[in-house]
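From a predicted model like this one, the values you see are computed outputs, not experimental measurements. Here is how names work: the chains are called A, B, and so on, in the same order as the sequence lines, proteins then strands, and each is numbered from 1.
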Protein chains: 2
Amino acid sequence: MDTAQLTALGQQLRVDSVRASAAAGSGHPTSSMSAADLMAVLLANHFRYDFDRPAHPGNDRFVLSKGHASPLLYSAYKAAGAIDDEELLTFRELGSRLEGHPTPQRLPWVETATGSLGQGLPVGVGIALAGKRLDRVGYRVWVLCGDSELAEGSVWEAAEHAGHEHLDNLTVVVDVNRLGQRGPTRHGHDLDAYARRFQAFGWHTTEIDGHDVDAVDRAYGEAASTLGQPTVILARTLKGRGVRSVEDREGLHGKPLPDADEAIEELGGIRSLRVHVQEPAAARMLHSVPTGPLVLPRWEGEDREKGVATRDAYGEALTALGAAREDIVALDGEVSDSTRAEAFAKEHPDRFFECYIAEQQLVAAAVGLATRGWVPYASTFAAFLTRAHDFVRMAAVSGAGINLVGSHAGVAIGQDGPSQMGLEDLAMFRAVHGSTVLYPCDPHQTARLVAAMAGLDGVRYLRTSRGAAPVLYGPDEEFPVGGSKVLRSSDRDRLTIVAAGVTVHEALKAAEALDGEGIAVRVVDLYSVKPVDRATLRQAAEETGLLMSVEDHHEQGGLGDAVLDAFLDGRPVPRLVRLAVRTMPGSASPAEQLHAAGIDAESIAASARLLVEQAIAP
Amino acid sequence: MDTAQLTALGQQLRVDSVRASAAAGSGHPTSSMSAADLMAVLLANHFRYDFDRPAHPGNDRFVLSKGHASPLLYSAYKAAGAIDDEELLTFRELGSRLEGHPTPQRLPWVETATGSLGQGLPVGVGIALAGKRLDRVGYRVWVLCGDSELAEGSVWEAAEHAGHEHLDNLTVVVDVNRLGQRGPTRHGHDLDAYARRFQAFGWHTTEIDGHDVDAVDRAYGEAASTLGQPTVILARTLKGRGVRSVEDREGLHGKPLPDADEAIEELGGIRSLRVHVQEPAAARMLHSVPTGPLVLPRWEGEDREKGVATRDAYGEALTALGAAREDIVALDGEVSDSTRAEAFAKEHPDRFFECYIAEQQLVAAAVGLATRGWVPYASTFAAFLTRAHDFVRMAAVSGAGINLVGSHAGVAIGQDGPSQMGLEDLAMFRAVHGSTVLYPCDPHQTARLVAAMAGLDGVRYLRTSRGAAPVLYGPDEEFPVGGSKVLRSSDRDRLTIVAAGVTVHEALKAAEALDGEGIAVRVVDLYSVKPVDRATLRQAAEETGLLMSVEDHHEQGGLGDAVLDAFLDGRPVPRLVRLAVRTMPGSASPAEQLHAAGIDAESIAASARLLVEQAIAP
């Protein structure tokens, strides 16, 4: 398109943004209007995409990091012929695909859900990594950011990652309209301030007037021809551009225009320009076929005697899975020697991504890789996954299929103390919509679950432990997600101990001691924390009357609450006792920690004795 | 101290770090050895601190951001005479104050708990803000960072904040030893790479050899005399410096030295130099006295008819609290128009801190301000507080007293969709050690809780709602933390509905409808989600036999689980039903959202009918 056409298209996108927001009675038209020319030029002259085949491997990828500018995105879809005008005006209605913030759960052309600022670029870096290092089919990744969101540290984690990986297939466009939600941004229209920052992180930068369509056009061309560096285009724009009553004015964020009809007239009225978006180059994906049978590791002989840490099992199992499936990739937060992901890195270096100590970027890159069909396993300490909570939450909104693995769970890590102990991770991951939460206690169980995770939907979390523990299960035993294992059971059981991970071993020792005193207890290994094995828990409740959960986690939101999931439909609930970490731990040996927290075998046995006595009393 | 003495002191700190780690059998001596000269020069020639009076308002403040280098910190304490050699060798033992990572819960000279990397600088910025804008007694803030942790986005949020606020009372020393845990960092010994980044964010930078004590000494002097900018000293160092078998070698992170005796000999043997740390200047704190009686806002007349949003009540109550107490400060994540913190900003601009869209920095700055005795209220959308989860977790390890307020909770926000809905916040905050979680439904209740929060220990969380709701309570009603309100009750109740926030109003409507059908139900407003009112819940269970929780939150870890807290000691548990958000919402009106999630009055009534019928059936 030429200058006049591009200018007209920009105005059309503004008009349609105003119309959609007016129809909804809410939305962010002014944030859309500032970026309308940027979007028009991209769509008409640079973006290569087949809207009829969003899964086309050669398609460019566009991420609207400033997700609140969704009216602009949907107006662009209309201009591209992907949706019609009638649908555009369903914006923000119940059941409409056109949500307040775009999500791939509703729209096939959306790569990742946005709306929590500072996430679009981090995920875009993940997609660009896939493009550059794995897919290699030449697509470009375009990310449209707001200026406000550059205050998020996640943006600079992503900038560092992209600069370091020389992602020249990535172009970021920043719509510097100088106004955030509440008022002016830190840097206003000081484009140089942003340029200095991106340059320092190894980026090529261009500064332009974001309403000069020819300048925008040249900048996109320059970005595409820049080699060895990602490019950021810093575009000076005005919020509400084109309508005098709102242009560059504070206090109008997230509000429909006061007079939509007047605004539409001022913008030149309703247009119906149709953009013929360039076709992507022919391409085929290379990684869709598993390459061989899965041979999981087996721990026998000496290992059985010495015990094996579940983190070790994770590293070995993931490596085996990577050998069987070429679509498996691994990501590390600079602790692969601890999480044992280093085993995968050694065997499959081309599919290993070092994200350094940047957990938000770790998870975002995983989401980005998943959008391109890769099956990511991202691991760090369980405690540090809390750093990425908002990214995990948004991954669930996206419906992204990612595997997250947290090691060094609980007080059982010992001397390093509370800063390194994952004690909130089960609560965090259980509350994520559609998540799966797994917590193995044994290497064979770990290996099976690592393999099973790959085939699940949504966010999958596996919790591993630092220390070696006895091998409880055989290499051929199966561990369905949603299942559990009854490790001790008799018809004389007077109590059921529900444990997972490190507490399974403590529970077994306690049960053995209690048995010597004539108190029979059942022990359930609840390795699938979500979904939970309701049938087994209900049967245990019926047969033993009393359940005691034991977990190396704070008492809220973890294993104890998971047990309750079996009883929350109005049926009679068994009596329940919860042993969990209730104090703030300090440094101590693993055994001392478990004892101080009251979750070791001795503490379990003492609580069990008390409860059984109470149950006998009237 | 002169060059020779400083060099000897550096060696002493190395030797003591090696000895402490050897005694513990774990720890991070090599990470301590790289920074030993930096620490020696600071302690001997620049740090002004009274170890006998850690609360002295004029004391400089030191933050060990690389918290794993705790042996170095404790060795410095010994050199300053704060601890003796015997205590040094209790490092990492059960009950010792000298934990694997330092925390102020154990040691009075530690400002904030570290060990999750990338948090020391953000908190240090908060302390420096207090020094510069509030305390104004001339203390300096010194932060020792590792190079690995500069990959964390939180560091750049903090760098941006400090640069923008011209915090020339802040000096950051980066121990660039080029080796992370797993191997080399991204930038190795490229000091310029770090300098470019900090300069871009508005910092003064110096690059030195971190083992040249004279250069280190000059750099500290230069930092102290630099005005208008924070300073970062980028120090080239070697991990394990001084012991040939470990110096600058990979694979030795977090491990005691292979031969401690030999290393000590190589380092010149055990010394007992004693540093006389400079006294701080005389100073007094200005903000410790409340200035007047608290007059909380009242909502009467027209407000009662139109209804009031709890976020509005938060803004007004906080403003009133700020008028009564000069130690109250407020922080915003660039959404103060939405959270209503803007009311405080208008009345008390000198105690208002704009953190822009950087939630990690928002919480870290609050922690920093709290260390200096200020009482911070930091607010943003509930959903976006997930961004700061790791900072909240570490605030609990610190025992920091901070108030966090999350607005726009739940599906009730309406059209903006799931990215903006706090649906995991109750689970996140309940699982934080020692936290308080409050969720009001009414403006008078909100105001009372806002005031009560100020006097609590630990992390306090208040959840507010976007939409206006009926005024249920009078302005003089009291709402103790740990309490609840029984809003409907009779001796014919067949079910108790437990609600909080927006669902209280829905529950009341449902109860009214059910009453018309001859079904009496009790309604409890459980505004104190943690701690929970056990007595009231147990009485309701005894009297009505059946509890139904209703929450605008995912079903895990929230209100429903809080109800269970009353019954987890082995006593009989009532039958329970949980209504919560089980699906991924899209855009829709608030009323449509509540209905789609099955938590509106109609859904509550329908579930209640079914349950009461079941209870009648055999």
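Chain A forms the most heavy-atom pairs under 4.5 Å with one residue out of B:R430, B:H554, B:H253, and that residue is B:R430. Interface summary for chain B: among A:T185, A:T114, A:T583, the most heavy-atom pairs under 4.5 angstrom belong to A:T583. For the options B:V397, B:D561, B:L150, heavy-atom pairs under 4.5 Å to chain A are most numerous at B:D561. Residue with the most contacts toward chain A among B:L117, B:V155, B:D337: B:D337 (heavy-atom pairs, distance under 4.5 Å). The most heavy-atom pairs under 4.5 Å with chain A, out of B:Q105, B:E592, B:H161, B:M584, come from B:M584. Each of A:G570, A:S549, A:G586, A:G434 has some count of heavy-atom pairs under 4.5 Å with chain B, and the biggest count is that of A:G570. Ranked by heavy-atom pairs shorter than 4.5 Å toward chain B, the options A:E149, A:Q361, A:Q360, A:M548 are led by A:Q360. Contact count against chain A (heavy-atom pairs under 4.5 Å) is highest for B:S419 among B:G115, B:G100, B:S419. With respect to chain B, the highest number of heavy-atom pairs below 4.5 Å among A:F384, A:F91, A:F201 belongs to A:F201. Note on B:R582, B:Q593, B:H28, B:H101: by heavy-atom pairs under 4.5 Å with chain A, the leading option is B:H101. When each of A:G25, A:G180, A:S70, A:G27 is scored by its heavy-atom pairs under 4.5 Å with chain B, the top score falls to A:G180. With respect to chain B, the highest number of heavy-atom pairs below 4.5 Å among A:P572, A:A383, A:A396 belongs to A:A383.
Of the charged side-chain nitrogens involved, at least one lies within less than 4.0 Å of a carboxylate oxygen, so that B:E152 and A:R387 count as a salt-bridged pair. By the 4.0 Å N-to-carboxylate-O rule, B:R186 lies too far from A:E354 to be salt-bridged with it.
Of all non-hydrogen atoms in B:S116 and A:Q420, the two that sit nearest each other are N-NE2, 4.3 Å. Closest heavy-atom contact between A:S148 and B:I357: CB-CD1, 3.5 Å. Of all the heavy atoms in B:G153 and A:E157, the pair that sits closest is N-OE2, 2.8 Å. Listed here is the closest heavy atom pair of A:L576 and B:V573: N-CG2, 4.2 Å. Across every non-hydrogen atom of B:Q415 and A:S26, the tightest pair is CB-OG, 3.8 Å. In terms of heavy-atom proximity, A:P418 sits nearest to B:E99 at CD-OE1, 3.6 Å.
Side-chain contact between B:H433 and A:E424 is absent, with no heavy atoms from C-beta onward closer than 4.5 Å. For the pair B:L564 and A:L564, the minimum side-chain heavy-atom distance is below 4.5 Å. Using a 4.5 Å cut-off on side-chain heavy atoms (C-beta onward), B:Q556 and A:V437 make no contact. Taking 4.5 Å as the limit, some side-chain heavy atom of A:R92 sits within range of a side-chain heavy atom of B:D416. The side-chain heavy atoms of A:R182 and B:D332, taken from C-beta on, include a pair separated by under 4.5 Å. With a 4.5 Å cut-off on side-chain heavy atoms, A:M394 and B:T386 do not count as touching. A:R578 places a side-chain heavy atom less than 4.5 Å from the side chain of B:D565.
Only the side chain of A:F391 comes within less than 4.5 Å of a heavy atom of chain B; its backbone N, CA, C and O stay farther away. A:S338 touches chain B through backbone and side chain together, each having a heavy atom under 4.5 Å away. In this structure, no portion of A:T103 lies under 4.5 Å from any heavy atom of chain B. For a residue to count as touching a neighbouring chain, one of its non-hydrogen atoms must lie under 4.5 Å from one of that chain's; by this rule A:E93 touches chain B with the backbone only. Looking at A:P122, neither its backbone nor its side chain comes within 4.5 Å of chain B, counting heavy atoms on both sides. Of the two parts of A:H389, the backbone and the side chain both hold a non-hydrogen atom closer than 4.5 Å to a non-hydrogen atom of chain B.
Looking at residues two or more places apart in sequence or on another chain, you find a salt bridge (Lys or Arg N to Asp or Glu O under 4.0 Å) between A:D569 and A:R538, A:R571.
Between the CG atom of B:L94 and the OG atom of A:S589 there is a distance of 7.5 Å, given to the nearest 0.5 Å. Put simply, CG on A:D390 and CD on B:E359 are 7.0 Å apart, with the number rounded to the nearest 0.5 Å.
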B:R197/A:E160 under side chain to side chain contact (heavy atoms under 4.5 Å, CB included): CA gap, chis, key distance, verdict: CA-CA 10 Å; B:R197 286 158 174 76; A:E160 182 75 287; 2.8 Å; yes
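The aromatic rings of B:H187 and A:H164 sit perpendicular, their planes meeting at an angle over 60°, well past the 30° parallel limit.
A donor-acceptor pair under 3.5 Å links the side-chain atoms of A:E334 to the main chain of B:Q181, judged by distance alone.
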